[in-house]
Amino acid sequence: VQLQASGGGLVETGGSMRLSCEASGRTFSGYRMGWFRQAPGKEREFVATIGWNSGSTVYSDSVKGRFTISRDNAKNTMYLQMNSLQPEDTAVYYCTAKLGPVKMNWREYTYWGQGTQVTVSS
């Protein structure tokens, strides 16, 4: 599976942004997808994950209620709608995929996109 993330950029505090992640290379079927982020000098951090049938969505406490993960299997695309963005959300956002159950450790994920920069100005 090849993953291509897009949609990052610069936004003001309180603004919104939607990230996309398009999968290609082999069937999207059955894969759990997720988003992680990494700020400079920090470890890669779990953001959200979604199951194959859009069930079993899990969010980190830091984004719960502000971010929404979704997917469109017909388009082989996953999304992350980010609202009420804060400066601490500034990071490179990575999309990822794996088979199997929910995991929040980045080491458990198999496939990774190249990352897209999100910068929230204060």
Side-chain angles (χ1 to χ4, degrees):
V1 176
Q2 286 81 50
L3 303 175
Q4 179 73 38
S6 62
L10 175 65
V11 65
E12 293 184 347
T13 296
S16 296
M17 184 178 289
R18 188 175 82 156
L19 305 182
S20 299
C21 176
E22 184 174 359
S24 62
R26 66 168 67 179
T27 179
F28 197 51
S29 176
Y31 281 85
R32 165 166 295 279
M33 305 289 291
W35 291 96
F36 284 74
R37 66 187 182 185
Q38 189 165 19
K42 295 189 176 181
E43 185 155 344
R44 194 163 295 191
E45 174 190 22
F46 170 76
V47 175
T49 183
I50 185 168
W52 157 243
N53 60 357
S54 295
S56 64
T57 56
V58 179
Y59 297 90
S60 68
D61 288 343
S62 61
V63 308
K64 196 175 299 182
R66 299 187 298 123
F67 291 11
T68 302
I69 190 171
S70 63
R71 64 192 292 169
D72 184 339
N73 291 337
K75 297 181 178 179
N76 284 351
T77 303
M78 173 182 64
Y79 306 97
L80 186 68
Q81 177 65 42
M82 305 184 292
N83 298 329
S84 302
L85 282 160
Q86 302 298 313
E88 51 265 35
D89 295 316
T90 295
V92 176
Y93 282 70
Y94 297 92
C95 60
T96 185
K98 65 181 294 293
L99 294 170
V102 172
K103 297 290 183 182
M104 289 180 277
N105 186 325
W106 65 268
R107 297 173 181 83
E108 301 279 356
Y109 285 77
T110 307
Y111 301 101
W112 290 88
Q114 85 289 359
T116 184
Q117 176 71 47
V118 173
T119 302
V120 184
S121 63
S122 57

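What you see below is based on every heavy atom in this structure, not just the backbone, and it leaves out hydrogens, waters and symmetry mates.
- For the residue pair T49 and Y109, a side-chain donor N or O sits within less than 3.5 Å of a side-chain acceptor on the partner.
- Residues W52 and M33 fail the side-chain proximity criterion, which asks for heavy atoms closer than 4.5 Å.
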Run the side chain to side chain contact (heavy atoms under 4.5 Å, CB included) check on S16 and Q81 step by step: do they pass? CA-CA 7 Å; S16 296; Q81 177 65 42; 3.9 Å; yes
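- Side-chain contact check for W112 versus L3: every heavy-atom pair is 4.5 Å or farther apart.
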Side chain to side chain contact (heavy atoms under 4.5 Å, CB included) between W106 and T96, intermediate numbers included: CA-CA 9 Å; W106 65 268; T96 185; over 6 Å; no
Check the pair R44, E108 against salt bridge (charged side-chain N to carboxylate O under 4.0 Å, His left out), reporting the backbone distance first and the verdict last. CA-CA 12 Å; R44 194 163 295 191; E108 301 279 356; over 6 Å; no
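- Annotation: the span from Y59 atom OH to R66 atom CZ amounts to 12.0 Å, rounded to 0.5 Å.
- Distance alone, capped at 3.5 Å, places no donor-acceptor pair between the K64 side chain and the F67 backbone.
- Between S56 and R32 the shortest side-chain heavy-atom distance falls below 4.5 Å.
- For the atom pair CE of M82 and CD1 of I69, the computed distance is 11.5 Å after rounding to the nearest 0.5 Å.
- Between A5 and T116 the shortest heavy-atom distance is CB-CG2, 4.2 Å.
- Side chains of R37 and T90: a donor-acceptor N/O pair is absent below 3.5 angstrom, by distance only.
- When side chains are defined from C-beta on, Y111 does not count as touching K98, because their heavy atoms never get closer than 4.5 Å.
- The shortest heavy-atom contact between V120 and D89 is CG2-CB, 4.3 Å.
- Listed here is the closest heavy atom pair of S20 and W35: O-CH2, 3.6 Å.
- Looking at heavy atoms from C-beta onward, M78 lies out of side-chain contact with S70 at the 4.5 angstrom threshold.
- The pair E88-K42 does not meet the salt-bridge criterion, since no charged nitrogen lies less than 4.0 angstrom from a carboxylate oxygen.
- Within the structure, salt bridge (charged side-chain N to carboxylate O under 4.0 Å, His left out) pairs that include any residue of residues 69-78 do not occur (at least two apart or interchain).
- Heavy atoms only, all atoms of each residue included: V58 and F46 are closest at O-CZ, 3.5 Å.
- A heavy-atom distance below 4.5 Å is found between the side chains of S121 and L10.
- Looking only at distances, no side-chain donor or acceptor of E45 sits under 3.5 Å from a matching main-chain atom of E43.
- Sequence neighbours left out, not one pair with a member in residues 110-122 passes salt bridge (charged side-chain N to carboxylate O under 4.0 Å, His left out).
- N105 CG to F36 CZ: the interatomic distance, rounded to the nearest 0.5 Å, is 7.0 Å.
- Between A23 and V1 the shortest heavy-atom distance is CB-CG1, 4.1 Å.
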Might you work through the side chain to side chain contact (heavy atoms under 4.5 Å, CB included) test for M17 and V118, ending with a clear yes or no? CA-CA 9 Å; M17 184 178 289; V118 173; 3.9 Å; yes
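- Note: the hydrophobic cluster containing Y93 also contains V11 (ILVMFWY, side chain heavy atoms under 4.5 Å, direct or indirect links).
- Nearest heavy atoms, G8 versus L19: N-CD2, 3.6 Å.
- In this structure, the separation between OH on Y94 and CD on Q38 is 5.5 Å, given to the nearest 0.5 Å.
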